[in-house]
Each structure stands twice: as C-alpha cells, then as structure tokens.
2 protein chains.
Amino acid sequence: MEPTILDVAEQAGVSPSTVSRVINETAPVAEATKKKVTEAIESLGYRTNKFAHALRKQASNVFGIIVPDISNPFFSTLIRGAEDRFHEDGLSTMICDTDGQPEKEARNVEMLVKERVDGALVTSTESESNGIPRLIDKDIPVVAVDRSPTGYEMTAVLADNEGAGMIATEHLLNRGCRMIGFVRGPAGVSTAHERFIGYVNGLESRGLEVQEGLIARGDFTFNSGKRALEELIAANNESEFPDGLVVANDLMGVGVIRKAEEMNLHVPGELAVVGFDDILLSKLINPTLTTISAPTYEMGGTAAQLLLETVEADRKRAERKHKRIVFSTKLVERESSQFGAG
Amino acid sequence: MEPTILDVAEQAGVSPSTVSRVINETAPVAEATKKKVTEAIESLGYRTNKFAHALRKQASNVFGIIVPDISNPFFSTLIRGAEDRFHEDGLSTMICDTDGQPEKEARNVEMLVKERVDGALVTSTESESNGIPRLIDKDIPVVAVDRSPTGYEMTAVLADNEGAGMIATEHLLNRGCRMIGFVRGPAGVSTAHERFIGYVNGLESRGLEVQEGLIARGDFTFNSGKRALEELIAANNESEFPDGLVVANDLMGVGVIRKAEEMNLHVPGELAVVGFDDILLSKLINPTLTTISAPTYEMGGTAAQLLLETVEADRKRAERKHKRIVFSTKLVERESSQFGAG
DNA sequence: ACCCGTTATGAAAACCTTTTCATAATATGA
DNA sequence: TCATATTATGAAAAGGTTTTCATAACGGGT
C-alpha cells in the first residue's frame with residue numbers, strides 16, 4: 001500500500017540504509033545516488049512512517065500544551081505563540097483543555113504520557129494535586145507557563161504579576177482614588193496571588209493601609225466578579241465605599257462593571273476599575289475596561305523555546321538548567337478608569 | 001529503562017505472546033497465568049509502547065479535530081463534545097486551530113497526515129481549497145462538522161441553519177419589524193449562506209420582498225459587524241432605515257450593537273437585533289443579544305461517534321455509508337429584540 | 001608498488017508489539 | 001481406550017525505521 005523505505009531503495013537501486021542517509025543527511029552520500037534516491041522518493045510519494053521512526057528514535061516529535069481553558073483568549077494566544085515555535089521545527093503539538101478541573105488535568109497528562117510526548121508546556125490548574133509530578137516522574141521535560149507551581153524546581157515563563165498589580169494600583173492612586181479595593185482570584189493560583197501582593201505593595205509604598213473590608217474573593221469567572229462587587233458594597237456603609245477597584249482578571253472585571261451598572265453605580269465616575277489580561281471582551285463592553293496586558297504570544301514562544309532547549313540538553317546528556325523568565329507588563333488605559341469622567 | 005513486554009514475560013515466566021494476549025484479551029488464557037502476568041505488569045509498571053503498537057496495528061488511536069478558532073466558544077464547546085466521546089474509548093485527540101486561514105488549515109492537515117491520525121473532524125475554513133481533499137486522498141476518514149463543504153460526498157453533522165435564519169426572521173416579524181435587514185457572513189462559508197437563505201424564505205413566506213439595500217456583508221468578526229451597520233445606515237435615507245437586523249453570527253451582532261450605541265441608535269427600540277451561535281459574550285453585553293443556539297456539545301459528540309463508526313466500517317472492510325445529520329436550533333430571547341422596549 | 005586513510009555503500013541488528021502457525025495438554029465423545 | 005476437539009502456550013515473523021559494523025573503492029603519500 002503505502003510505499004516504504006524499501007520500495008524507495010529498490011526503485012533507486014540502492015540499500016535502505018542509503019535512502020535513510022539521504023533523508024536524514026546523516027552521512028555523506030555521492031551526488032549521483034542522492035539524485036536517484038530523491039527522484040525515487042518523489043515518484044513514489046514516499047513519506048517516512050512516523051511510528052517506525054518514533055520507535056527507533058525513541059522520540060515522538062510531539063509536544064503537549066496544557067491550559068485551563070482554550071476559549072480564554074489569553075490562553076489561545078499563548079498556545080498560538082508556542083505552536084508557531086514548535087511548527088517552525090516541524091514538530092507537532094497536542095493541546096489539552098483541563099477546563100480548570102484537576103481531574104481533567106490528570107486525564108490529560110495521562111494522555112500525554114500515553115502518547116509519549118517529548119515534552120510539555122503546562123499552565124497548571126492549581127498548585128496542588130496537578131499533573132506535573134506525574135510528568136516529572138515519567139521523565140518528560142516540563143516548562144511551566146503563566147503560573148508557577150510551588151514545590152518543584154523547573155523552568156518557568158511568567159509575567160511580572162506582582163509588578164502588574166503594583167502598576168494597576170498606582171494607576172488608580174494617580175487618578176485620585178483613595179479607597180482602592182481588590183477582587184482576588186481563586187486560592188492557589190499563583191498569578192492571582194502575586195497580583196494581590198503587588199496591590200498591597202502599591203498601597204504601602206504610598207503609606208496607605210490595606211483595609212480588609214475592601215477585599216473580596218472571586219474565582220476568575222464573570223459571575224464571581226458580579227458577586228464580589230455586591231459583597232463589597234454590602235460590607236461597607238456609604239462613606240467607605242471603594243472609589244477604585246483592582247480586579248484580578250478581566251472576566252471578573254467585566255462582571256464588576258455589569259453589576260455596577262445594575263446598581264446604578266457609575267463607572268468610572270463613582271468607581272474606577274482595572275483588570276488584568278487584556279482579553280478581547282474588555283474592548284467590547286461599555287465602558288471599555290482598563291487592563292494590564294502581558295506579551296502573551298511571546299511568552300508562549302519563549303516557553304516552547306526553553307522546552308526545546310531542555311529536550312536538547314537531555315539528548316546530549318547535558319545538565320538541565322532551570323531558568324525563570326519574567327516578562328514585564330503594561331497598562332492599557334481605557335474608559336473604566338478614565339480621569340475626570342463622570 | 002522503560003520495561004518492555006519481554007521484561008514482563010520474563011518476570012511472569014511466560015512468553016511475550018501470552019502477555020500480549022492477557023493485555024488485549026485476544027485469546028483465552030488460563031486464570032493462573034493471567035494472574036501472574038497481571039502482577040508482573042503491575043510490579044514493573046509496564047505500559048504498552050505506543051509506537052510499537054501503532055506500527056504493528058497500523059493505527060495511531062489519535063483523531064484530529066480542525067476548527068477555525070479555538071477561542072470561539074462555539075467551537076470550543078464543539079471540541080469538548082467530540083473529545084469527551086473520543087476519550088470515552090481511550091482515544092487521543094489533536095486539536096488544530098486554522099485561525100481562519102486556508103494555508104494554516106493546509107499546514108494543520110499536513111500535520112495530521114504526518115501523525116497518521118485514524119480520522120479527522122473538520123470545520124473547514126472555506127468550501128474551496130481546504131484540506132479535505134488531501135485527507136480523502138490519504139484515505140483518512142473525515143466527518144464535516146458545522147460546515148458542509150460542497151463537492152464531496154461525506155458524512156456531515158450540521159445545524160439547521162436555514163431553519164435558524166427563518167426562526168430569527170419570523171421572530172423579528174412577529175415583534176412588528178417591517179424593514180428587516182441582514183448582515184451576511186464571509187462568502188463560501190456554508191453556515192452563513194444557509195442562514196441568509198432562511199432569512200429570504202422567512203420574508204417571502206409572509207409575502208415580503210427582499211430589499212438589496214438592507215443587506216450588507218461581513219466576515220464574522222466584531223469589527224465587520226460595526227462596519228456593516230455603518231454601511232446600512234449610509235446606504236439608506238432615514239425613512240428606509242432597517243428597524244430589525246438579522247446578523248449571521250453573534251460576534252458581528254455585538255459589533256452592530258456597539259456601533260448602534262455610538263450612533264445613538266437605540267437597541268431594541270429603534271433597531272432590533274438577532275444573532276446566531278449563543279456565545280458567552282452575547283449574555284454579557286448591554287443590551288444582551290437575542291440569538292439562535294444550536295446543541296453544539298451534542299453536535300461534537302455525534303460527529304465523533306459517526307467518525308468512529310466510519311473507522312469501524314473501514315476496519316471490517318464494510319462499505320462506508322455517508323450520513324447527513326441535521327440538528328434543529330432554538331431561539332434564545334434576550335434584550336436586543338425585546339418587544340415594546342424603547 | 002604498497003599501505004593507509006577517506007568516502008560511499010550494504011548487511012544486519014535493534015526498537016517493541018501483535019499475530020499466525022505450530023504444538024502440547026487436556027477434555028469430549030464413542 | 002482411542003480418536004478428535006478444544007484450550008493454552010510458545011516460536012517466529014512482520015511492521016518500517018535508524019544505526020553500527022563491515023567492506024569496497026579510491027586517492028595520496030612514501
């Protein structure tokens with residue numbers, strides 16, 4: 001059926017070894033034979049059999065990418081950045097959506113192990129009980145992206161979330177806000193925590209105190225953003241309402257804005273809002289959402305690059321060096337924090 | 001390193017053949033030996049080598065899923081439905097994002113061919129020059145989802161887009177609109193075209209004429225929705241402004257709503273809007289967008305099921321039967337078409 | 001003229017399964 | 001008791017590469 005390297009060899013009048021050599025350029029071969037072989041390959045439409053190759057080389061040439069939600073534009077951009085880098089080298093990718101559920105993450109990791117991927121990029125769902133130890137156990141190179149699981153020494157590509165939290169907070173301070181609240185993300189998600197730390201530092205650097213009553217917690221979803229604002233308003237009497245809110249991601253930020261609208265609270269006039277991630281939605285709602293953006297696409301590409309380097313080091317039996325690369329973020333000013341509006 | 005079936009055989013004191021038989025339950029084996037083998041497998045932590053297996057069985061146990069945009073919630077739900085079905089049988093999946101670009105679709109198909117997937121689910125970017133012929137040429141079973149490419153006889157899982165277009169149009173008619181326009185999708189995308197046909201039929205069934213001046217074209221993106229409304233307003237003098245708009249997908253529908261807001265055109269008071277797809281965003285904007293939704297998750301699962309059946313038929317050398325399954329859609333009423341509002 | 005070091009190629013082993021074929025052991029029926 | 005099925009197992013081939021080892025040819029140095 002499908003032609004094999006043997007068929008090519010026969011047609012070209014050479015041995016399979018020689019054919020392999022011209023395909024992989026792994027040893028010098030005479031110009032004349034090279035030509036015969038190339039022609040035979042062409043005329044038969046030969047393609048190397050992936051499984052035989054992988055079996056012999058003990059390498060699948062496939063890389064896994066695990067994210068919590070492929071429909072979140074932040075992650076789909078990350079994926080695109082990584083894929084473009086892998087495809088550049090003719091490597092294939094396997095994208096896994098954990099849907100934010102640890103057990104789905106475990107299933108996905110199991111799939112990657114079964115497929116014997118050469119490495120994996122992972123944005124783990126939680127810092128505990130994730131699939132990373134399983135991959136490490138199976139000796140599959142792993143690079144963490146966006147979120148850095150604690151307790152493992154591994155290379156990671158991150159955004160400067162602490163800095164981002166600080167930028168957001170300072171932006172609101174500069175704008176004149178004095179009662180700045182924070183809507184936290186899910187416990188155990190490092191990005192969410194770091195943004196909060198940045199907020200705390202931002203306040204303290206100006207000699208302001210963190211007020212417990214101005215802090216709520218959500219789980220990164222739209223609805224949790226709505227609930228968070230509700231709680232914050234309910235918990236304070238009018239004189240202590242927040243006049244600015246740093247929200248740990250855009251999706252919750254949008255929730256906050258929608259809830260504010262329902263409550264007839266004017267954004268940004270009575271409440272300025274800043275989010276993180278710069279997802280598409282943030283440009284589309286009314287008012288548009290000020291946010292902190294990270295170079296997502298580049299982060300994906302860099303992570304892929306580092307993973308490839310780790311694999312290469314393993315191949316040469318060189319020592320793996322664990323790196324930690326942090327990308328800086330930038331403020332994207334939009335209507336939700338506009339100065340003097342309202 | 002990694003234990004092989006030989007190691008298991010040795011440890012259990014049997015031949016590799018026997019081990020294979022207990023793993024695959026492909027022939028009767030004595031209860032006692034079965035136990036020995038299972039224990040050996042357990043104690044060594046043996047896992048069958050994917051490549052050797054695939055090489056011998058000539059099957060990868062991997063299935064490809066090609067969509068134009070993984071971050072579009074419509075497609076990510078479709079993917080989830082399909083994946084859940086595949087995973088049920090312990091099969092792996094490879095998700096490909098074509099980004100709406102035919103050449104990226106071609107590259108993705110090439111990757112699937114290289115990976116020797118057992119079958120593919122595809123939502124092709126265009127009806128022409130897509131990767132489907134390549135897959136068919138390589139004898140890889142294909143099922144079309146959501147969009148049905150013309151010119152190939154193949155099984156397809158679709159939504160009743162024509163019916164959907166009709167439902168949307170009738171909804172606006174019932175609501176009292178009389179100048180109903182349509183924002184078309186990209187040329188060559190079957191779903192977009194069928195929705196338009198439904199709109200035409202909807203008007204004609206009430207004895208109304210289709211007016212060229214009320215029809216604009218977009219490309220399924222947010223911005224093209226904004227542009228479309230602009231064009232429609234520019235093209236008509238005030239007495240002939242549309243009072244209702246059927247928009248070929250939600251993303252453009254959102255664009256229309258935002259543009260209307262910029263133009264101080266009240267939705268739904270002066271202009272009622274209906275979209276298609278029921279994406280998350282439609283619930284989040286203001287006013288919320290009335291839309292037509294299809295059972296996306298089920299469509300994905302059904303498509304996977306049919307693909308598996310095709311593969312099974314091939315295996316038995318039975319004839320492939322090309323099916324065509326059409327799911328019906330339903331109206332989701334929201335603010336953008338509310339009756340008596342404004 | 002002889003030896004040696006390249007350069008170009010082939011033969012065969014190894015990678016790890018599954019499956020066919022053969023055989024041994026056991027059970028069934030007369 | 002003997003012939004015949006049936007059940008349980010092993011040996012070996014096949015699936016398609018890559019790579020090591022061996023060999024042949026050839027040019028250059030003495």
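Each chain gets a letter, A, B and so on, in the order its sequence line appears, and its residues count up from 1. All values derive from a computational prediction rather than experimental measurement.
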In plain terms, say whether [X] and [Y] are close enough for a salt bridge, that is, a side-chain N and a carboxylate O under 4.0 Å apart.
X	Y	value
A:Glu88	A:Arg85	yes
B:Lys104	B:Asp97	no
A:Arg324	A:Glu153	no

### Between A:Thr123 and A:Asp146, a side-chain donor and acceptor under 3.5 Å
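Side chains of A:Thr123 and A:Asp146: no pair found under 3.5 Å.
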
### Query
Just checking, is any N or O donor in the side chain of A:Gln305 or A:Glu309 under 3.5 Å from an acceptor N or O on the other one?
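Yes, side-chain donor-acceptor contact under 3.5 Å.
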
### Query
Using the C1' atoms of five pairs at each end, what's the angle between the two axes of the helix from C:dA1-D:dT30 to C:dA30-D:dT1, to 10 degrees?
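Axis angle across the helix from C:dA1-D:dT30 to C:dA30-D:dT1, nearest 10°: 50°.
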
From [atom1] of [X] over to [atom2] of [N], roughly how many Å is that when rounded to an integer?
X	N	atom1	atom2	value
B:Glu25	D:dA8	CD	C1'	16 Å
A:Asp7	D:dG15	CG	C1'	13 Å
A:Glu31	C:dT7	CD	P	15 Å

### Message
Within the structure provided, determine whether A:Asp314 and A:Arg320 are in side-chain contact (heavy-atom separation under 4.5 Å).
### Response
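In contact.
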
### Check: B:Phe63 ring centre within less than 6.0 Å of B:Phe86 ring centre
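That pair passes the under 6.0 Å test.
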
### Query
In Å and rounded to the nearest 0.5 Å, what is the NZ to CG distance from A:Lys138 to A:Leu112?
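The NZ atom of A:Lys138 sits 13.0 Å away from the CG atom of A:Leu112.
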
### Task
Any chance you could list the contact pattern along nucleotides 16-28 of chain D? Use B for base contacts, S for sugar-phosphate-only contacts and - for none, protein heavy atoms under 4.0 Å, 5' to 3'.
BBBBB--------

